Amino acid sequence: MNKAVRQRLVVVGNGMAGMRTVEELLGRAPVRYGITVFGAEPHPNYNRILLSSVLAGEKRVEDIVVNRREWYAENGIALHTGDPVIAIDRAARTVTTVQGVVAPYDKLLLATGAKPLMPRLPGLDLPGVVAFRGIADVEAMLEAARSGTRAVVIGGGLLGLEAAWGLRRQGMSVAVVHLMETLMERQLDAEAGHLLQQDLTERGLHFFTGGQTEEFLGTDRVEGVRLADGRAIPADLVVVAIGILPNIDLAKAAGLDINRGVVVGDDMATSDPDISAVGECVEHNGQVFGLVAPLWEQAKVCAARLAGDGGAAYATPPLSTRLKITGIDVFSAGRLAAADEDDCEIVLRDGGKSVYRKLLVRDDRLVGAVLYGDVADSGWYFDLMREQRPLGDLRERLIFGRAFADSQGAKGGIDVAAMSDDAQVCGCNGVSKGAIVSAIGTKGLTTFEEVRAHTKAGSSCGQCGGVVQAILAHVTGTAAVASEAMCKCTAHSHDAVRKAILNRELKTQAAVREALGWSSPDGCAKCRPALNYYLLCAWPGEYVAEQGSRFVNERIHANIQKDGTYSVIPRLWGGIATPAELRAVADVAEKYAIPEIKLTGGQRVGLYGLKKGQLPAVWADLNAAGLVSGHAYAKGLRTVKTCVGSEWCRFGTRDSTGLGIELEKLLWGSWTPHKVKLAVSGCPRNCAEATIKDIGIICTEGGYDIVVGGNGGIEVRITDPLVHVSSEAEVLEHCAAVLQLYREEARYLERTAPWVERVGIDYVRCRVADDAAGRKALFARFLHSQTYAQTDPWAERALGGVDAYEFQPLAVVG
Amino acid sequence: MHTSFNPWQWLADMNDWTFIGTLDDIPRLGARTVETPLGQVAVFRTAGDELFALVNRCPHRGGPLSEGIVAGRMVACPLHNWVIDLSTGEAAAPDEGCTTVIPVRCEGGRVSLGLAALGTVADG
């Protein structure tokens, strides 16, 4: 589908920040860019945070892969692994790799990450001295753990302690050398740091605090380290985990503004507006980044910008830290210690149970929390900090935790019912309880995997998984098993199948089922109509609809009724009829003894109770009077309801009837994910009820308001405003474009109302109202598709003999 | 149906196979109907050219199964989406019900039905 006009996005760096940006971008603008990704490591994208779990033997490398190679293929992304980019030519707008690949770009995304900070000490190059950064490092550490027995980890911060614990779990004797007097001094106060050291010592780690490494010992291979005070520690493996440095070499060579990191603004753009940067390589407002939460926020903003949302702006979210060492619970957020007399520390210490809690209060607000041993209330404290809520009476009970403060005992574990909707559940991804509850409800999620996939909650460090599951259980009662799979024939979701159809150019149902590994050769009654529609939408003029994959109504172009008879509803353009047309309807009703004539809700005349065999003859008679199918049976355009407008009404501002007819002539015949109803009202009195239609137009003296996503059915939904335009031509272009966007991106059987709810009206505005070029492309694709769709199916069957067998019995016996 | 018609006599005469048409007359993943004095029979053809015939009434609300979507050896009723097994006439769980199966055979592309089965009372 118009790949030629896609812009080229090149991503340098196949890590967490870069790929999250790509995922966010695909969610917002799936076909806007042709994407190429270059990664220095030979692996697909993996979750670096979980490397410590791999080292500890709790996960395997394949468990931490975020996006497998198939994902890149399914999304049409060209992936080059093990081939780092070595140069950017900003004049020619190309990048060049080690292997000599030259890739042109329209937009470039730098996500080069960081490299480990290595001290320039004698012996640094000795085999056995490794960093803790990538899969290769972990493999080297595991290899060393198999042959050696003693390890030294330099660095007692978050990363160093996780490395040390992993090596200990692998059976090594581990010593940690830390420059400062207490561990994790950036996240923990001295008290918590000492408790942590005590617990880890009991678990078999040795500590050399206040220890400055001066030399790596050894000749052919590292044999130990020597500290400045003269102490020597023997080792078969030395892991250096003292910090990271942003990878800025590429940006520097390209002449971009750099400081400690690649300097970016709130829009995540570098000093070259066509080059953005995200992740550990960037510097924003003088700050560089090592935790994951701000990276995800950067990815969101950067993707929004790339998708054309000019308003998205990055601000560093409040940060919190937890340590991933099984059985040791540490949490820290905000400030660690009182700076002056306006700060007040509230401390609880239970030496016997190794529980420690310190809260920092200033101006009646919580500004810092350090929890050790019992971190169940960390989310609650963090929310109090983020919301800057005045504490008032809560202050005196605050330190004892939420259950006590709320004076209602939480029934074991976390009381999710008591959590407020904006309480943050997943700190890594910034997902609130409300977002999870809403996703469970609107998307019908029933498993943890689905919730994780839809909301990203629990998809990074995974520590909130229990809370997410508790919320799921709370919302759904007992969580039943279901998935977002399209049907029981496949594990793929609707969206994944649609992407694969386009990106892999699958042009028949059999090809889709074959390529995506369907479990049943001819699908089922659920997936076949969906595939039929997706292929029809993707390949207009090429794919021929399979009759056997259509619901009876769409197969025989009449609406089946409860007794197996059918209804026939001709199109009355804009609700206007001539005497001859009405006479033809009346004549047909008498001639074929049709039981009932009824005016429909969409301003048409319906004939009800026809036998199937009568249909072709009835259609022929109606055709003779100029009446054609009204598609009252189709997942397609149904009616365009109108008021009489300025032709007759003393309030009418414009010719709403004429505009309705023009819209109907433009849109009829198109197949859509579900039925589509329009209305045009001639003034804001809105007699055509345009605000509960899929697309509504309300004429005013000043022009036309286009509104979308309304529904008057089971769940009434009022439309959202899309755009205000001043000419009929603009109305037609916008309506066709929004319909095409719905055709291309909504899931089969999803009405516009839930679709708009799901993707957000801002997204629809961004694609249709704000992006003029994108809108014209949508419009062009719609018009192209219509050239194959606008044939009256009744005429084909009444006189043309199409599907004649449908209307006759195979045999009459007896 | 005029009053002199005796369904039991008719059934007794139907002991043999009744020719109804050729395989090519029935669309793949589709169905055709056969009119009999005891109601419609639906004849289904699967993707693999297996033939099945059922009394053309869904055990749920009598919907015309011939208009349903055929997949594997199943047909989904067009009225309320009950799924009926073409080989047994039984509704897929959790729904319960059964429609009468009519024997069908295809020899050299010629399709015949064993209409005597119309006299069988289906369970449910």
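Computed from heavy atoms alone, side chains included, the values below leave out hydrogens, waters and symmetry copies. None of these values were measured; they are calculated from a predicted model.
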Any side-chain heavy-atom pair from B:Leu54 and B:Leu86 closer than 4.5 angstrom?
yes
At a 4.5 Å cut-off on heavy atoms, which part of A:Pro529 comes close to chain B: side chain, backbone, both, or neither?
side chain
Between A:Arg550 and chain B, which part of the residue has a heavy atom less than 4.5 Å away: side chain, backbone, both or neither?
backbone
Residues A:His494 and A:Tyr534: side-chain donor-acceptor under 3.5 angstrom
yes
Could you tell me which portion of B:Pro78 (side chain, backbone, both or neither) has an atom closer than 4.5 angstrom to a non-hydrogen atom of chain A?
both
N-O pairing of A:Arg555 and B:Glu67 below 4.0 Å
yes
Residues A:Asp621 and A:Tyr592: side-chain donor-acceptor under 3.5 angstrom:
yes
If you count heavy atoms of other groups shown closer than 6.0 angstrom to CZ of B:Arg110, is the number above 12?
no
Residues from residues 509-519 of chain A approaching chain B under 4.5 Å (heavy atoms):
none
If the condition is ring-ring contact (aromatic ring centres under 6.0 Å, His included), which residues does B:His60 pass it with, not counting sequence neighbours?
B:His80, B:Trp82
Among B:Leu29, B:Asn81, B:Val75, which residue has the highest count of heavy-atom pairs closer than 4.5 Å to chain A?
B:Leu29
Under 4.5 Å heavy-atom distance to chain A, tell me which part of B:Leu79 shows up: side chain, backbone, both or neither.
side chain
Looking at residues at least two apart in the chain, or sitting in another chain, which of them share a side-chain hydrogen bond (donor to acceptor under 3.5 Å, both in side chains) with A:Ser629?
A:Tyr633
Contact part of A:Gln561 toward chain B, heavy-atom cut-off under 4.5 Å: side chain, backbone, both or neither?
backbone
Can you list every side chain to side chain donor-acceptor pair (under 3.5 Å) pair that touches residues 40-51 of chain B, not counting sequence neighbours?
B:Arg28-B:Asp49, B:Glu35-B:Gln40, B:Gln40-B:Asn56, B:Arg45-B:Asp49, B:Glu50-B:Arg73
Polar contact flag, side-chain donor to acceptor under 3.5 angstrom, A:Tyr566-A:Asn553
no
Under 4.5 Å heavy-atom distance to chain B, tell me which part of A:Lys612 shows up: side chain, backbone, both or neither.
side chain
